[in-house]
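Data first, discussion second: the structure below is written as structure tokens.
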Amino acid sequence: MAKDPQLSTSQLSIGYPLKRENKTIASDLKLALQAGEFVCLLGPNGSGKSTLIRTLSGMQAPLAGEIDLKGHPLAEIAPRERAKAISVVLTETIPTGTMDAYSMVSLGRHPYSGWFGGLSPHDKQRIEWALNAVDAKAFAARQVAELSDGERQKISIARALAQEATVMLLDEPTAFLDLPRRVELMSLLRKLAHKETIALLLSTHDLDLALRFADRLWIMTEGGELIQGYPEALALDGRLAKAFANKNIQWDEALGSFRAHTEPCLYVYMPSQCTRSTWTRRALERLGYGITDSESKATFSIQISGNTESPQWNVTHKDHTKTFSSITDLIDWIQTTYTNP
Ligand code: ADP
Ligand code: MG
């Protein structure tokens, strides 16, 4: 991607000015959000994601340092010009008032039309485009208060899109959505960033989705560090694991996800590598087993054979082999045979 920073910072400190002493959340941040890239901002609760988003949008003053919007200091840009360039979607400002969805989206045009200005043909065109982009045409005429969380979320994104800004900052826009809707929204935002050349920053708790969809990750740590890199690079070099490290969860590099840290006392040998073995492994881990590469260390071993239509789990235990034709039967057997390993 050609480097075309829309929003950049140097020696930025973010936090809160308190009476005695500033509360610094992170300092010396050197960040650049490029045109057409989709960056996901991750970090534990309270690490400062919302503070960073509010600061980058100009809603909150930095404690120190510079923020540049296309090379001009953000602080020197008039609010209306700023609103044309940066659109923000904050979870806490998701609308609930008495207004229909179309009017809500049209608020995104105010930097252009002013509060009392009517909508020009171009404004209307842009609103239609934004509603279509998030697939919200079907409920545009309904009252915002009567929409589902997911529909409201789409409307607030459409409002931001109607604004025609080149920078979009979204604070946890997927928080209230179910998994299919979260995947849909992430995929949509990524596509918009690329197609419309928007510099898009989105904070989320969805590590898995961020790893799959983001062009780059920014991870805020509890220690006020901000780690940047490609998702796969951070996963492989251990920085992702370190950022979320905690005594109760463990990063599983092979699976690309975190799992609860339990010390298994019984082990299973399972040499197969297929979709069924992935889910069998998850069942075993959930039941408190470890997976071992050494057959001699294992309490029993599982061989997976057959095909999707007639799968087989062959369990060998002390020279006896039992065969199960479903994972349900296998789990039932493990639970009744080995209570609480
Ligand atoms: P995140 O969005 O990652 O959960 P926040 O940016 O909301 O984190 O918060 C970062 C830190 O700033 C937290 O310790 C929080 O308590 C603190 N904080 C948030 N808002 C304020 C405020 N208005 N005044 C002082 N501290 C605040
Ligand atoms: Mg937050």
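In each ligand, atom 1 is the first atom listed, and ligand 1 is the first ligand listed. Values reported hereafter were calculated over all heavy atoms of this structure, with side chains retained and with hydrogens, waters and symmetry mates removed. Note that this is a predicted model, so its numbers are computed, not measured.
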Practice task
For atom CD of Q303, decide whether the heavy atoms of other residues, nucleotides or ligands shown that lie under 6.0 angstrom number more than 12.
Solution key: no
Practice task
Report, as a single number, the protein N, O or S atoms less than 2.8 Å from the Mg ion (ligand 2).
Solution key: 1
Fill in the blank from the handout: Near ligand 1 (heavy atom, under 4.0 angstrom), the protein residues are Y16, K23, I25, P44, N45, G46, S47, G48, K49, S50, T51
Exercise for the section: Ignoring hydrogens and angles, tell me if any N or O in the side chain of R142 forms a donor-acceptor pair with the backbone of E146 under 3.5 Å. Expected result: yes
Handout entry: Selection residues 222-245 - residue pairs positive for ring pair (Phe, Tyr, Trp, His ring centres under 6.0 Å), sequence neighbours left out
Key = F244-F258
Problem - Partners passing ring pair (Phe, Tyr, Trp, His ring centres under 6.0 Å) against H205 (at least two apart in sequence or in another chain) - result: none
Practice task
Please assess Y289 against F300 for the test ring-ring contact (aromatic ring centres under 6.0 Å, His included), listing each intermediate value before the final yes or no.
Solution key: CA-CA 11 Å; Y289 289 86; F300 58 86; 5.8 Å; yes
Handout entry: Cationic N near anionic O, under 4.0 Å, R281 to E285
Key = yes
Practice task
Take T280 and W313 through the test side-chain hydrogen bond (donor to acceptor under 3.5 Å, both in side chains) and record every step on the way to the result.
Solution key: CA-CA 9 Å; T280 306; W313 282 260; 2.9 Å; yes
Handout entry: Presence of salt bridge, R126 and D123, under 4.0 angstrom
Key = no
Problem - Side-chain ion pair, R182 and D206, N-O less than 4.0 Å - result: yes
